[in-house]
Amino acid sequence: GMPPPGMPPPGMPPPGMPAGLPWLRGTAPGAAPDNMQEQVLQQMRAMYAQMGMQAPEAAQRPPQPAAPMAPIALVAPTASVAPMAPEPRSPDPAPPAAAAAPPAMPQAPAPEPAAGSASPAPAWLPPDLACALCGRSGPSAAPHGVICRRRRKNGALGGCGQGVCWHCMQTAPRSMFGMVRTTKDEFESLEDKAWWMHERCMEPADLRAYYGGEKELAMARAAADAADAGAVAASPSEGKSKAQKLDHVEAAKEKVRAMSVKQLKQYLERHGTSHAECVEKAELLAKALEVAAVAPPDLPPGPAWMPVGAICRLCTKPNAKEHGGVICRRKRPDGSVSGCGEAVCWRCMKRAPRESFGQVRTTKEEFASLEEDAWWKHEHCFTDGDYKDYFGESEPEDFWKRRTGAKEEDWEALETQTPRVSSIMQRC
């Protein structure tokens, strides 16, 4: 238990070392940092070397870093808790069965135009898209109707996107279809500004824009109501209709019985009936009575103005005012009547394309100025002599070819038979 000779007792500094300085790591509380301990050890080793003695093992060993302190548990668990077993994962649910496809509709809405296009092309109904009313597709490669669609000024797209063919546009009842209608000629004449929508798909602003204003809309609606009322009034009972027809036929027969031989021949010629085989007046009278039994009633004298409530053949809109158009009809001095009898409003008279409508046109002012002699007919309804009576000059070659569908050799043959003077001055 005694230290070797020359060694200080445990805990005491070696000879020559000042008291109060630690000489080994951990020998005194408040140990110095590692660099200070290294200096102390070096001094001890130097002192032992001067004395010719070997330094203790603790002085020879370099300072070791302090061992990390183990964490101290603040609260000890009172009972061991078994770890929670993870819940078993349920298998992924099977994907739901595909829903049954909806039943096929007669027509799908037409594709919408790009939202960025300010002026989309007119919404024609392509031939492969069926009409929403009759379910029929187009008979040819050309469009066979229009689509309910309008690009409004604010960029919003209106309309249901369903297509309607021209036949249904004209024949569908107002109670089901509404009063807003158009035709191929009108739609084509409006070019890029053309649009159409069902009345039920229109907002009040759409109706005003379509007819041109609040006043025009009110007039169009009143005309449509009057047309419906007139159609109901023009459908009397079967007995009354037969009585009116008999009255008309009897009146015509009485008029024929009072005619002379010359008048009977003119009557038959006016109705396109030959009387070459008739020799006696009785034969002429019998044939004239047969014609009178099936001939339409005589038309009233005067110009053929379009009556209020009549439907324009091109735009299918009812006429809302007096003298709002004309009828394709001419009553000649001999009493014969020609023309298709279709009505055309002044708007369509001015804007209808020449390719389908022709170049024979008139205006309200011109028609009124001719008074009782006024008449108008479509170009394709003209017959021989109509051109000269209407324009006051001979019929040009190009007009005659368009009207008759004849060829160049036909015109040359006609020229050799009846010399004509052509003119390019035409009333338009």
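Residues L264 and K281 are in side-chain contact: their nearest non-hydrogen atoms beyond the backbone lie under 4.5 Å apart. Under the 4.5 Å side-chain criterion, counting only non-hydrogen atoms from C-beta, I147 is not in contact with P122. Counting heavy atoms from C-beta on, the side chains of V291 and L268 come closer than 4.5 Å. Side-chain contact between R152 and R150: present, with at least one pair of heavy atoms (C-beta onward) separated by less than 4.5 Å. In this structure the side chain of Q263 never reaches within 4.5 angstrom of the side chain of K255, judged on heavy atoms. Looking at R402 and H380, their side chains never come closer than 4.5 Å, going by heavy atoms from C-beta outward.
Side-chain N or O atoms of E188 include none that pairs as donor or acceptor with a backbone N or O of D185 at under 3.5 Å. The closest donor-acceptor contact from the side chain of R136 to the backbone of L133 lies at 3.5 Å or more, if one exists at all. Judged by distance alone, with hydrogens and angles left aside, the side-chain atoms of E283 form a donor-acceptor pair with the main-chain N or O of V279 at under 3.5 Å. Put simply, the side chain of W376 gets close to the backbone of V360: a donor and an acceptor are under 3.5 Å apart. Checking side-chain atoms of R329 against main-chain N and O of V326 turns up no donor-acceptor pair under 3.5 Å. Side-chain atoms of H144 do not come within 3.5 Å of backbone N or O of A130 as any donor-acceptor pair. With R181 contributing its side chain and A172 its backbone, the two residues share a donor-acceptor pair below 3.5 Å.
Side chain to side chain, H275 and E269 meet the donor-acceptor criterion of an N or O pair below 3.5 Å. Under 3.5 Å, the side chains of R332 and T383 contain a donor-acceptor pair of N or O atoms. S394 and K388 share no donor-acceptor pair across their side chains, judged by distance under 3.5 Å alone.
Relative orientation of the Y387 and F391 rings is tilted, given thresholds of 30° and 60° on the angle between their planes. Relative orientation of the W346 and W305 rings is perpendicular, given thresholds of 30° and 60° on the angle between their planes.
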**Report entry** Criterion ring-ring contact (aromatic ring centres under 6.0 Å, His included) on W375 and F367, from CA distance to verdict
**Finding:** CA-CA 7 Å; W375 64 273; F367 202 76; 9.4 Å; no
Report task. Test side chain to side chain contact (heavy atoms under 4.5 Å, CB included) on M306 and V344 and set out the steps. Result -> CA-CA 7 Å; M306 182 180 181; V344 179; over 6 Å; no
Report task. Report the C-alpha distance between E290 and K287 in whole Å, list the side-chain angles of each, state the deciding distance to 0.1 Å, and finish with yes or no for salt bridge (Lys or Arg N to Asp or Glu O under 4.0 Å). Result -> CA-CA 5 Å; E290 293 176 0; K287 186 173 285 290; 5.1 Å; no
**Report entry** Evaluation steps, side chain to side chain contact (heavy atoms under 4.5 Å, CB included), between W166 and L125
**Finding:** CA-CA 10 Å; W166 298 122; L125 181 63; over 6 Å; no
Query raised in the report: Checking side chain to side chain contact (heavy atoms under 4.5 Å, CB included) for the pair V180/H198: CA distance, chi angles, key distance, verdict?
Result: CA-CA 6 Å; V180 182; H198 295 98; over 6 Å; no
Query raised in the report: Can you list the steps and then say if M169 with F177 is a side chain to side chain contact (heavy atoms under 4.5 Å, CB included)?
Result: CA-CA 8 Å; M169 178 75 71; F177 189 76; 3.8 Å; yes
Requested in this report: For the pair K377 and S338, evaluate side chain to side chain donor-acceptor pair (under 3.5 Å) and give the outcome as yes or no after the intermediate values.
Outcome: CA-CA 9 Å; K377 291 166 61 176; S338 61; 2.9 Å; yes
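When ring centroids are compared, F187 and W195 stay outside the 6.0 Å threshold.
Between R208 and E216, none of the side-chain N atoms (NZ, or NE/NH1/NH2) sits under 4.0 Å from a carboxylate O, so this pair counts as no salt bridge.
For CD of E280, the number of neighbouring non-hydrogen atoms (other residues, nucleotides, ligands) closer than 6.0 Å is 12 at most. R313 CZ: 12 or fewer foreign heavy atoms inside a 6.0 Å radius.
In this structure, H378 NE2 and C340 SG are separated by 5.0 Å, a value rounded to the nearest 0.5 Å. To the nearest 0.5 angstrom, M176 atom CE is 7.5 Å from C168 atom SG. Taken to the nearest 0.5 Å, the NE2 atom of H167 stands 6.5 Å off from the SG atom of C165. Note that CG of L157 is 4.5 Å distant from CZ of R151, once rounded to the nearest 0.5 Å. Atoms OG and CG, from S260 and L285 in turn, are 11.5 Å apart once rounded to the nearest 0.5 Å. Considering OH of Y210 and CG of D206, their distance stands at 11.5 Å, rounded to 0.5 Å.
Relative to the six-membered ring of Y267, K262 misses at least one condition, a distance below 6.0 Å or an angle of at most 45° to the axis.
Scanning both residues, C315 and E186, for their nearest heavy atoms gives CB-OE2, 3.4 Å. Taking all atoms of both residues into account, the shortest heavy-atom contact from R149 to A123 is NH1-CB, 4.0 Å. The heavy-atom pair separating Q359 from E379 by the smallest distance is N-OE1, 2.9 Å. A pairwise comparison of heavy atoms in A223 and A320 identifies CB-CA, 3.7 Å as the closest pair. When every heavy atom of K321 is checked against every heavy atom of N319, the shortest pair comes out as O-ND2, 2.8 Å. R174 approaches M179 most closely through the heavy-atom pair NE-CB, 3.8 Å.
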